[in-house]
Enquirer: 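Here's a structure for you.
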Amino acid sequence: MATTIAQKEDLLRNLPQSGGACLMYVDGAFTLASDGGTRKLINPANGEVSAVVAEGVKEDVERAIRGAREAFDNGPWGSTPALERAKLLFKLADKIDEHFTELSRLETLNNGKPVRETEYDVTDAANCFRYYAGLATKPHGQTFDVPAPSQTFVVREPIGVCGQIIPWNYPLLMAAWKLAPALAAGNVCVLKPSELTPLTALRLATLIEEVGFPKNVVQIVLGAGPVVGQHLAESHLVDKIAFTGGTKTGRTIMQAATGNLKKVTLELGGKSPNVVFADADFDTAVDYALFGIFANAGQVCSAGSRLIVEESLHDKLVAKVIERARNIRVGDGFDPNTEMGPIISRAHQEKVESYVALGKQEGATLACGGGRLAGELGEKGNFVMPTIFTNTRRDMRIVQEEIFGPVLVVQTFKDEAEAIALANDTVYGLAGAVFTTDIAKAHRCIRKLRAGITWINTYHPTYNEAPWGGYKQSGIGRELGTYGYDSYTEVKQINVNLDVVPSGWFSE
Ligand code: NAD
């Protein structure tokens with residue numbers, strides 16, 4: 001079951017358009033690119049054009065940055081009390097809830113993922129705005145009992161103009177993760193969605209306008225990463241760059257940001273271990289092994305892409321995981337029966353498939369999947385079947401590199417020490433899980449994982465309240481929770497002399 005043209009038009013009807021192209025949100029207005037350029041978005045489920053959008057260039061992002069600078073330096077936002085910022089964010093959260101069905105379907109059109117996943121994303125996005133709305137008015141400073149006659153305290157202030165660059169795998173949710181803490185803390189934002197999936201960010205822009213944020217507090221600029229994103233990272237008028245995406249792009253952005261030494265936070269890739277001990281609850285471990293890698297067709301930074309199983313459990317666990325992986329219903333995200341949707345683009349599908357070929361060449365056993373979805377849907381859309389490799393070695397590239405698709409590699413271990421050694425044996429350190437019924441072992445192992453997001457006897461739950469980010473090459477800094485708020489603030493110490501007399505340090 002796919003979308004009809006009428007349904008598609010209905011989903012796009014709330015996006016401001018001109019000449020058939022959806023407009024970006026720059027300088028307080030919905031606008032075409034300065035050179036009139038556009039980009040066709042391709043529906044990953046069927047290869048059809050889902051929408052045409054403005055394709056910004058350097059001049060457009062320049063204009064947005066200048067507007068943001070003016071808004072931060074001289075606009076009303078700087079003197080808008082935290083309570084008023086909070087009210088706007090609460091209203092935005094309510095607007096998202098009001099448009100729940102529309103936004104989730106638009107996200108499925110945008111990215112291809114099943115509606116049951118996009119419904120989670122929309123709820124999460126609303127709650128993210130709600131969480132930071134609440135946090136805006138909470139205490140953020142400190143006071144210090146320093147030697148008299150001083151009183152010293154610390155306040156947190158907004159950093160200024162924040163450039164925010166996000167990927168395609170959670171388009172609306174990533175926009176919320178970026179905008180909510182930044183706005184709560186009093187910053188202004190220029191957000192650049194992935195060029196592949198800008199639709200829900202544009203719809204969010206219309207809601208932001210309805211809610212009544214002052215001009216240029218939020219702008220949504222569209223365009224290619226190496227053009228618009230690169231300039232956002234380079235501009236000396238931007239004070240902070242917050243990026244979520246691939247590790248290679250993260251490195252480029254960090255280099256681009258050195259010109260004015262802007263603050264940088266990076267949420268990057270992963271190759272996360274899912275460690276299962278023989279004493280784990282079997283059905284739970286099987287269930288989360290599947291959920292860890294096949295949710296969002298494996299296009300999740302924190303995906304449990306390495307299943308690391310105790311030798312004595314290996315055959316039984318892997319047989320069950322394979323049996324269940326074969327039953328996963330792959331298809332169009334609009335079909336209510338679909339459990340796993342498409343890969344975002346044909347190019348990315350080919351990249352995932354090149355890893356399948358590589359795994360075979362490297363000598364791993366392709367135990368399940370590896371091919372495309374059969375039939376007409378499989379020809380038109382970018383579907384890769386749930387794929388599992390066994391008999392792997394730790395030095396194989398399929399074990400070390402992020403594939404970012406529905407490809408699971410299985411490794412085995414003899415004891416706890418080997419489990420941890422394997423788990424930590426990549427350049428990444430984003431996430432990881434341990435499954436065991438031995439509580440002491442669970443805690444011992446989790447503390448030894450070099451990863452920022454960890455789970456015991458579960459995989460993937462993510463909370464707006466808890467910090468998100470990686471060790472090693474999975475990133476710098478943290479999003480979400482109070483950590484996410486802090487990362488959008490400068491810290492200022494204020495010393496007050498309570499005894500206003502000259503110090504007498506130098507003689508008269
Ligand atoms: P990507 O790095 O290709 O692109 C991400 C964003 O960066 C896009 O908006 C893109 O236009 C922009 N970009 C590309 N080149 C740029 C440049 N030179 N300068 C500035 N911006 C540029 O990543 P992707 O393919 O969209 O997303 C997949 C990657 O994102 C995976 O590696 C995944 O692990 C990672 N990711 C990480 C997290 C996390 O929280 N750690 C979350 C989601 C995705």
Side-chain angles (χ1 to χ4, degrees), residues 24 39 44 53 55-56 58 61 110-111 113 121 124 128 163-178 190-198 201 220-235 238 241-258 262 264-272 293 295-305 343-345 347-349 351-352 355 401-405 426-431 451-453 460 462 466-480 483-484 487:
M24 57 188 162
R39 172 188 289 264
V53 295
E55 172 82 346
K58 190 174 168 190
V61 67
N110 204 23
N111 159 287
K113 62 168 86 169
D121 293 354
D124 255 14
C128 183
Q164 304 176 312
I165 301 174
I166 56 174
W168 44 260
N169 61 341
Y170 289 85
L172 180 68
L173 189 59
M174 290 297 110
W177 283 23
K178 293 280 180 280
V190 178
L191 179 101
K192 192 204 92 62
S194 165
E195 51 273 51
L196 302 180
T197 55
I220 311 285
V221 193
L222 306 187
V227 181
V228 168
Q230 180 82 18
H231 189 64
L232 206 49
E234 280 171 0
S235 170
V238 174
I241 194 89
F243 171 73
T244 299
T247 294
K248 195 164 158 232
T249 316
R251 215 170 267 129
T252 308
I253 285 178
M254 201 165 172
Q255 278 159 3
T258 57
K262 58 174 68 65
V264 178
T265 46
L266 303 173
E267 298 290 344
L268 307 175
K271 188 77 179 179
S272 298
I293 184 63
N296 201 10
Q299 302 165 111
V300 184
C301 52
S302 53
S305 49
I343 301 295
I344 189 67
S345 64
H348 189 50
Q349 177 185 18
K351 183 178 162 200
V352 172
Y355 273 105
E401 297 177 17
E402 183 183 47
I403 299 173
F404 218 58
T426 75
V427 297
Y428 296 109
L430 189 60
I453 306 147
H460 272 330
T462 307
W468 183 271
Y471 286 23
K472 302 197 280 184
Q473 293 187 33
S474 287
I476 296 178
R478 292 292 178 272
E479 294 194 313
L480 298 184
Y483 299 83
S487 78

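Each ligand, and each atom within it, is numbered from 1 in the order the structure gives. Starting from 1, each residue takes its place in the sequence as its number.
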Enquirer: For Ile165, take its heavy atoms, then give the atoms of ligand 1 lying under 4.0 Å from any of them.
Expert: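 Under 4.0 Å from Ile165, ligand 1 has these atoms: 6 (C), 7 (O), 9 (O), 12 (C), 20 (C), 21 (N).
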
Enquirer: Please report the closest heavy-atom contact between Val61 and His231, naming both atoms and the distance.
Expert: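 Smallest interatomic distance, heavy atoms only, reads CG1-CD2, 3.5 Å.
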
Enquirer: Below 3.5 Å, N or O to N or O, backbone or side chain included: is there any such pair between Lys192 and ligand 1?
Expert: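 Yes, there is a polar N/O contact under 3.5 Å.
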
Enquirer: Step by step, work out the side-chain contact (heavy atoms from CB on, under 4.5 Å) result for Ile166 and Leu191.
Expert: CA-CA 8 Å; Ile166 56 174; Leu191 179 101; 4.2 Å; yes

Enquirer: What protein heavy atom is closest to atom 15 (N) of ligand 1, reported as residue, atom name and distance in Å?
Expert: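 The protein heavy atom lying closest is Thr249 CG2, 3.3 Å.
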
Enquirer: Looking at CD of Gln473 and CG of Leu268, how far apart are the two atoms once the value is rounded to the nearest 0.5 Å?
Expert: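 So the gap between those two atoms works out to 9.0 Å.
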
Enquirer: Which residue supplies the protein heavy atom nearest to atom 36 (N) of ligand 1, what is that atom called, and how far is it?
Expert: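 Answer for atom 36 (N) of ligand 1: Cys301 CB, 3.5 Å.
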
Enquirer: For Ser302, state whether at least one heavy atom is located under 4.0 Å from any atom of ligand 1.
Expert: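 Not so, Ser302 does not reach ligand 1.
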
Enquirer: I need the atoms of ligand 1 closer than 4.0 Å to a non-hydrogen atom of Ser194, numbered in the order shown.
Expert: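 Per the distance check, 9 (O).
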
Enquirer: Has Ala233 got any heavy atom lying under 4.0 angstrom from an atom of ligand 1?
Expert: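 It does not, in that no heavy atom of Ala233 comes within the 4.0 Å cut-off of ligand 1.
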
Enquirer: Hey, is NZ on Lys58 packed in by over 12 heavy atoms from elsewhere, all under 6.0 Å?
Expert: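 Not more than 12 within 6.0 Å, no.
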
Enquirer: Write out the residue and atom name of the closest protein heavy atom to atom 24 (P) of ligand 1, then the distance separating them to 0.1 Å.
Expert: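 Checked against all protein heavy atoms, atom 24 (P) of ligand 1 sits closest to Trp168 NE1, 3.2 Å.
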
Enquirer: To check you understand the geometry: which heavy-atom pair defines the closest contact between Gly269 and Ser474, and what is its length?
Expert: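 Taking Gly269 first and Ser474 second, the nearest heavy atoms are O-OG, 2.6 Å.
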
Enquirer: Which option, Gly469, Gly269, Gly245, owns the non-hydrogen atom nearest atom 35 (C) of ligand 1?
Expert: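 Ranked by closest heavy atom to atom 35 (C) of ligand 1, first place is Gly245.
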
Enquirer: What protein heavy atom sits nearest atom 17 (C) of ligand 1, and how far off is it?
Expert: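 Heavy-atom neighbour on the protein nearest atom 17 (C) of ligand 1: Gly225 O, 3.5 Å.
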
Enquirer: Of all the heavy-atom pairs spanning Asn110 and Ile344, show the shortest one and how long it is.
Expert: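 Residues Asn110 and Ile344, closest heavy atoms: O-CD1, 4.5 Å.
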
Enquirer: At what distance, to the nearest 0.5 angstrom, does OG1 of Thr249 lie from CE of Met254?
Expert: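 The CE atom of Met254 is 14.0 Å from OG1 of Thr249, to the nearest 0.5 Å.
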
Enquirer: Taking non-hydrogen atoms only, is Pro193 closer than 4.0 angstrom to ligand 1 via side chain, backbone, both or neither?
Expert: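 Backbone only.
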
Enquirer: Less than 3.5 Å between some nitrogen or oxygen of Thr252 and one of ligand 1, yes or no?
Expert: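 No, no N or O pair falls under 3.5 Å.
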
Enquirer: Relative to atom 6 (C) of ligand 1, which among Ile166, Thr197, Leu266 owns the nearest non-hydrogen atom?
Expert: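 The option holding the nearest heavy atom is Ile166.
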
Enquirer: Could you measure the distance from the CG atom of Asn111 to the CG atom of Asp121? Nearest 0.5 Å is fine.
Expert: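 Rounded to the nearest 0.5 Å, the CG-CG separation comes to 8.0 Å.
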
Enquirer: In Å, rounded to the nearest 0.5 Å, how long is the span from CZ of Arg478 to CD1 of Ile453?
Expert: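 Rounded to the nearest 0.5 Å, the CZ-CD1 separation comes out at 7.0 Å.
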
Enquirer: Among all protein heavy atoms, pick out the one at the shortest distance from atom 44 (C) of ligand 1; state its residue, atom name and that distance to 0.1 Å.
Expert: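 Atom 44 (C) of ligand 1 sits closest to the protein heavy atom Asn169 ND2, 3.4 Å.
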
Enquirer: Report yes if Ser474 has an N/O atom closer than 3.5 Å to an N/O atom of ligand 1; otherwise report no.
Expert: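 N/O-N/O distance under 3.5 Å: no.
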
Enquirer: Please report the C-alpha distance between Trp177 and Glu267 in whole Å, then the side-chain angles of each, then the deciding distance to 0.1 Å, and finally whether the side-chain contact (heavy atoms from CB on, under 4.5 Å) criterion is met.
Expert: CA-CA 11 Å; Trp177 283 23; Glu267 298 290 344; 6.0 Å; no

Enquirer: Give the residue, atom name and distance (to 0.1 Å) of the protein heavy atom nearest atom 18 (N) of ligand 1.
Expert: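 Sorting protein heavy atoms by distance from atom 18 (N) of ligand 1 puts Gln230 OE1, 3.0 Å first.
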
Enquirer: Indicate whether the side chain of Lys178 and that of Thr244 have a donor and an acceptor atom separated by less than 3.5 Å.
Expert: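 Present: a donor and an acceptor within the cut-off.
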
Enquirer: Looking at every non-hydrogen atom in both residues, tell me the closest pair between Val352 and Phe404 and how far apart they are.
Expert: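 Nearest pair, atom of Val352 first, then Phe404: CG2-O, 4.1 Å.
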
Enquirer: May I ask you to check whether Gly246 has an N/O atom sitting below 3.5 Å from an N/O atom of ligand 1?
Expert: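 Min N/O separation from ligand 1 is below 3.5 Å for Gly246.
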
Enquirer: Judged by modelled atom types alone, do Glu402 and Tyr428 share a side-chain donor-acceptor pair under 3.5 Å?
Expert: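 Not at all, the side chains of Glu402 and Tyr428 share no donor-acceptor pair under 3.5 Å.
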
Enquirer: Give the atoms of ligand 1, by number and element, whose distance to some non-hydrogen atom of Glu267 is under 4.0 Å.
Expert: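 With Glu267 as reference, the close atoms of ligand 1 come out as 37 (C), 38 (C), 39 (C), 40 (O), 41 (N).
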
Enquirer: Note the single closest protein heavy atom to atom 40 (O) of ligand 1, along with its residue, its atom name and the distance in Å.
Expert: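 That would be Trp468 NE1, 2.9 Å.
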
Enquirer: Before giving the answer on side-chain contact (heavy atoms from CB on, under 4.5 Å), spell out for Ser302 and His460 the whole-Å C-alpha distance, their side-chain angles and the decisive distance to 0.1 Å.
Expert: CA-CA 7 Å; Ser302 53; His460 272 330; 3.6 Å; yes

Enquirer: Using a 4.0 Å cutoff against the non-hydrogen atoms of Gly229, which atoms of ligand 1 qualify?
Expert: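 Those of ligand 1 that fall under 4.0 Å from Gly229 are 19 (N), 20 (C), 21 (N).
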
Enquirer: For Ile253, take its heavy atoms, then give the atoms of ligand 1 lying under 4.0 Å from any of them.
Expert: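 What qualifies from ligand 1 is 19 (N), 20 (C), 21 (N).
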
Enquirer: To check your reading of the model: name the closest protein heavy atom to atom 10 (C) of ligand 1, its residue, and the distance in Å.
Expert: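 Here the closest protein heavy atom is Glu195 OE1, 3.5 Å.
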
Enquirer: When you measure from the side chain of Lys192 to the backbone N and O of Gly223, does any donor-acceptor pair fall under 3.5 Å?
Expert: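 Checked: pair present.
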
Enquirer: When you look for heavy atoms under 4.0 Å from ligand 1, do you find them on the side chain of Leu268, its backbone, both, or neither?
Expert: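 Near ligand 1, Leu268 shows its backbone, while the atoms from C-beta on stay back.
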
Enquirer: Look at atom 32 (O) of ligand 1 and find which of Met174, Gln164, Glu402 reaches it with the closest heavy atom.
Expert: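 Comparing heavy atoms across Met174, Gln164, Glu402, the nearest one to atom 32 (O) of ligand 1 lies in Glu402.
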
Enquirer: Just to be sure I'm reading this right: ignoring hydrogens, which of Tyr428, Trp177, Phe243, Phe404 gets closest to atom 28 (C) of ligand 1? Compare them by their nearest heavy atoms.
Expert: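 Answer by nearest heavy atom: Phe404.
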
Enquirer: Heavy atoms of the protein only: does one fall short of 4.0 Å from atom 4 (O) of ligand 1?
Expert: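 Answer no: nothing from the protein, no heavy atom, is under 4.0 Å.
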
Enquirer: Is it true that the NZ or CZ of Lys113 lies under 6.0 Å from the centre of Tyr170's six-membered ring and within 45 degrees of the ring axis?
Expert: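 Geometry flag: set, cation within 6.0 Å and 45°.
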
Enquirer: Are any of the N or O atoms of Thr247 closer than 3.5 Å to those of ligand 1?
Expert: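 There is no such contact.
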
Enquirer: Does Thr244 approach ligand 1 within less than 4.0 angstrom via side chain, backbone, both or neither, non-hydrogen atoms only?
Expert: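 It is both backbone and side chain that touch ligand 1.
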
